[in-house]
Amino acid sequence: MQSRRWFGGAGFSFADDPVTETLSQAIRGTGEELDREPDTGVLFGSLRGSVVGLRYYTGVVNKGEMVSLVRQPQNPYDRNAVMVANVYGSQVGHIKRELAVLLANIMDNNLARVEGVVPFGVTNQFTMSVVLSFWGREENRDAVVRQITSRSFKLQSGPTGFMCADGSRDLPRKSVLLTAEELKNAFDNLFENLMEDKIGEREAVEAVCTPLLPHQKQALSWMCVSENNAALPHFWEVKGKLFYNTLTHSSVRERPQRVRGGILADDMGLGKTLTTIALILSNFHHGKPLCEPEKSSPEPKASTTARKNPEGKSGDGDQAEVSVAPAGHSPCMRANQAETQVVCVESVDVVQEDVVEDGDKDLVSEKKAKGRPQGGKAKATTTKKAAKTKGKAVSTSRKGGAVLEDLDFAAALSGITQGAPQKKSVGKSVVSPVEAASSQSTDDPAARATLIICPLSVLSNWLDQLDQHVRADVKLNVYLYYGSERNRDTHFLSSQHMVLTTYNVLSADYSGSASPLHTVSWLRVVLDEGHIIRNPNTQQSKAVLKLNTQRRWILTGTPIQNNLRDLWMLVAFLRLKPFDVREWWNRVIQRPVTQGDKTGLQNLQALVKCVTLRRTKTSRVCGRPLVSLPERSVRIEEVELTQKEREEYELAHTEGRTTISRYVAEGTVLRNYADVLAILVRLRQFCCHPGLLGKTTTHTGVVAVTPAELRERLIMKLRLVLGTGSDEECAVCLDSVRLPVITHCAHVYCRPCIAEVIRSEQEQARCPLCRGQIKASELVEFPLEEEEESNLLENWRSSSKVEALMSSLLRLRSEDDSIRSLVVSQFTRFLTILEIPLREEGFKFVRLDGTMSQKRRAQVIQEFQSDAPGSPLIMLLSLKAGGVGINLSAASRVFLMDPAWNPAAEDQCVDRCHRLGQKRDVVITKFIVKGSVEENMVKIQRQKQDLVEKAFGTKNPSERKTSRVDEIRALMEL
DNA sequence: ACCGCCGGGTGCC
DNA sequence: ACCGCCGGGTGCC
């Protein structure tokens, strides 16, 4: 149940309801992905061909392994050449000439995507067999088939000779299709139970003054192991002289690198920031601490912490990182110690070079593997730049210090260990020619700085937390890389322990010419709120992928927000090979999973598991809860309508029932779903306040005939989508909808996004969600409705529910005026209505809804959370405003004004105050109008809950459809 | 490639 | 012999 929050609050029935659902879109998306994603599609068929010229290339392929086909139009021997590469991008050979002509034609005209699988012949020296399958849009099928047959190749239906991901032949294809429910459950559970029991605990170094909770020690231990452990990554086995990947059946000659880092996906409030700070301080090179407080004797301590690493695991000779064994490496260790404490003395730099030489063979080989021939050149550039900026660096670095001082960042300035002179060590480190030399000659081993990237809104949180958790006598160089005056000197940045910046600064730098952040060789990059980069098309995401670092971490409470696709960016950032390449992610994970292939799902789960640690606040360590939270109780307050309200309600109810029962009789409920929904929304609005209906409550039952009517109805639907305060997602940009427009098929997008789709596809333009035809002229915008709003307020009248709330609030205030409340509705207009009586009764309140800018939201939250005298007692909150993770722990009462379809959305909302930091018991009041759809909704909510908990999965799609209709019938008491 | 193809050497049985 | 046949050289695109 917890897990549903992963999807931004969504349930699983009412799958067409744009108002209450975003997950349903995601789930349907899993079916429709095929059409929407340019890199998947319908399978047209497959044919057998051959790969030639194997002996000229080094790429190896295993039986059943997938290969990629790459056009080489520039090939001097044949402009139709099609190159064949293995999963790791090594060339295997070419497609035989005659076949290449065909493929070139299909690929160049974008008629289909061609994917290859090698069924056999992998040990041949000269040629091997390949099964080519063709995927594309249905409308291109004919053209493709024609191309193929006209060149007298035979297209076979189905993926003949295709290898299942588990290595077995699929003739007949035996992938088990999952139902949508199963798929959804699997998604939801993807990140559940990712707590490895065997990870143990690890204490933070002394420099961290806050004692870690047990689960934080576990996380620290896991993170250290993830950074240090040089054992083979998951899914890799040694096979003879090669390394074999069990997921892709591919082999490589070089030892694959483990992902050094991962995704820490703990729930909000479990201390991801603290754990990360502990990691930075505790696990510098070779598992030794970064900084020690004054007079501590680091060496013995270092070795004890080092021994805690499960070094025994690393089967064979990946010596470098694992060899934390104190004996063999003591000079090196000394070096690191010295280096961490004395920021930069010449001797240290010399030793640093030792480290380098001592060093990491695997780093060298990694460089080779990456095949960066211009490595040397790049370094030369750096040198030049360093020389130029040296003079400036001294002064700017002082400035950096000053910034920190201003921020009361005591730790950053108090020099220790080697005595007072170190105060100026920052400046010294920058100018030191020795260091400059050493850090250029070898980039990676010298890397020492951790780069933290976060949204602006949490930047100050990092500074606070550092201040709070790092001992004041620890000398930690932290630089806030922000603002127009930021010090862009890469040597200055490299010499820091930590550099903090925002996604915006990063992408702004990246779009410029020489990005300092991309020049520095980082020890570690941490993406805070890492789900921010889930859309790979953004500048931010691109910038993040280009960072040069040894270790990578993603901190997020919500690794998947809506869609499996969200995960790809995270995987790509971590460089979880080979899935950082889109084709392999799509072929091995995304397409199989979205098509319901069980093996695909298992692979996905395994993949996620090997890089993710996630605990929820209900997880337990050794049978005990991670954190103890105050109680939370729910009471339902039944609201009686006045006689007048009852009459109005019944009128609308009868009318709606007539319409819906006709649909039910005709069996057209699903076809008229939007109308059905509109009727239900209307009834729900009646239950809250008649003013919610506005003037757009034209009758919906009749099929629209005139364009004006159609327009009116679309606007109404748009209002339904947006007016509830839900933060709708645009299926094109995957971000919150900006400048919303609605298509004639009733799907909502950002205007620029959908306009671009129409522009590029011209007459063929189709709705990305339902594939219905769309035209620019038919997009309907949301009209401004300020008049309406004022109208609403002028003709003010109360309602039973308003009264019920007000009497609760007044009673509460008279009993204890320190208790703060959240007043939650799905209808933002209802919040507007509630403002009036609140003002009348002299309540101080703030409001948070989906229409507010991020900046304004932050202000409001801060105001509400502040315990300053005169701060607001009440927050009016739209149900889904702001997504996950907002901290409203100042409130301990929640009034849910209207029931949501999806109980998870309510839970999630309550979680915003029932979270770490909550001191009081939380009391939740749900107002339910007696004898109304609301009552029925609550019943259905309960049934849904049961279903979710039973995790049923055997229903077929047609049964599901009936159950949705049944739900509607139950709601309307038909 | 334990193939096909090319082109030079060769030529009754 | 302007052929066939033999056997060596050779081999992706």
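We name chains A, B, ... by the order of the sequence lines, and we start the count at 1 in each one.
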Length of the line joining A:Leu99:CG and C:dC12:C1', which is rounded to integer Å | 13 Å
Who does C:dC12 pair with, Watson-Crick or G-U, both distances under 3.5 Å?
-> none
Looking only at side chains, do A:His249 and A:Tyr244 share a donor and an acceptor under 3.5 Å apart?
-> yes
Tell me: CD of A:Gln125 to P of B:dA1, nearest whole Å?
-> 8 Å
Rounded to whole angstroms, how far apart are CZ on A:Arg97 and C1' on B:dC5?
-> 15 Å
When rounded to the nearest Å, what value does the distance between C1' atoms of B:dA1 and B:dC6 take?
-> 15 Å
What is the distance, rounded to the nearest whole Å, between atom NE2 of A:His94 and atom C1' of C:dC13?
-> 4 Å
Please evaluate the base of C:dC13 for a donor-acceptor partner in the side chain of A:Asn75 within a cut-off of under 3.5 Å?
-> yes
Measure from CG on A:Asn80 to C1' on C:dC12 and round the result to the nearest Å.
-> 14 Å
Are A:Arg591 and A:Trp135 in a cation-pi setup, meaning NZ or CZ lies under 6.0 angstrom from the ring centre and within 45 degrees of the ring axis?
-> yes
Does any N or O in the side chain of A:Arg587 come within less than 3.5 Å of the main-chain N or O of A:Val67, such that one atom is a donor and the other an acceptor?
-> yes
Can A:Phe126 be said to stack with the base of B:dA1, given centres closer than 5.5 angstrom and planes under 30 degrees apart?
-> yes
Nearest-Å distance, CG (A:Asn124) to C1' (B:dG4)?
-> 16 Å
Verify the distance criterion only: is there a donor paired with an acceptor across the side chains of A:Ser250 and A:Asn86 at less than 3.5 Å?
-> no
Please check if any side-chain donor atom of A:Glu237 sits under 3.5 Å from a side-chain acceptor atom of A:Asn245, or the reverse.
-> no
Kindly confirm whether the side-chain ring of A:Tyr56 is stacked on the base of C:dC12, judged by centres under 5.5 Å and planes under 30°.
-> yes
If we take the C1' atom in both C:dG11 and B:dG4, what is their distance in whole Å?
-> 10 Å
When you get a sec, tell me which of B:dA1, C:dG11, C:dC13 is the closest nucleotide to the side chain of A:Lys96?
-> C:dC13
Starting from C1' on C:dT10, measure out to CZ on A:Arg55 and report it in whole angstrom.
-> 9 Å
With P as the reference atom in both, quote the distance from B:dG9 to B:dC5 in angstrom, rounded to an integer.
-> 22 Å
Give one of base, sugar-phosphate or nothing for A:Leu54, where a contact means two heavy atoms less than 4.0 Å apart.
-> nothing
Can you find a donor-acceptor pair, distance only, under 3.5 Å between A:Tyr57 side chain and C:dC12 base?
-> yes
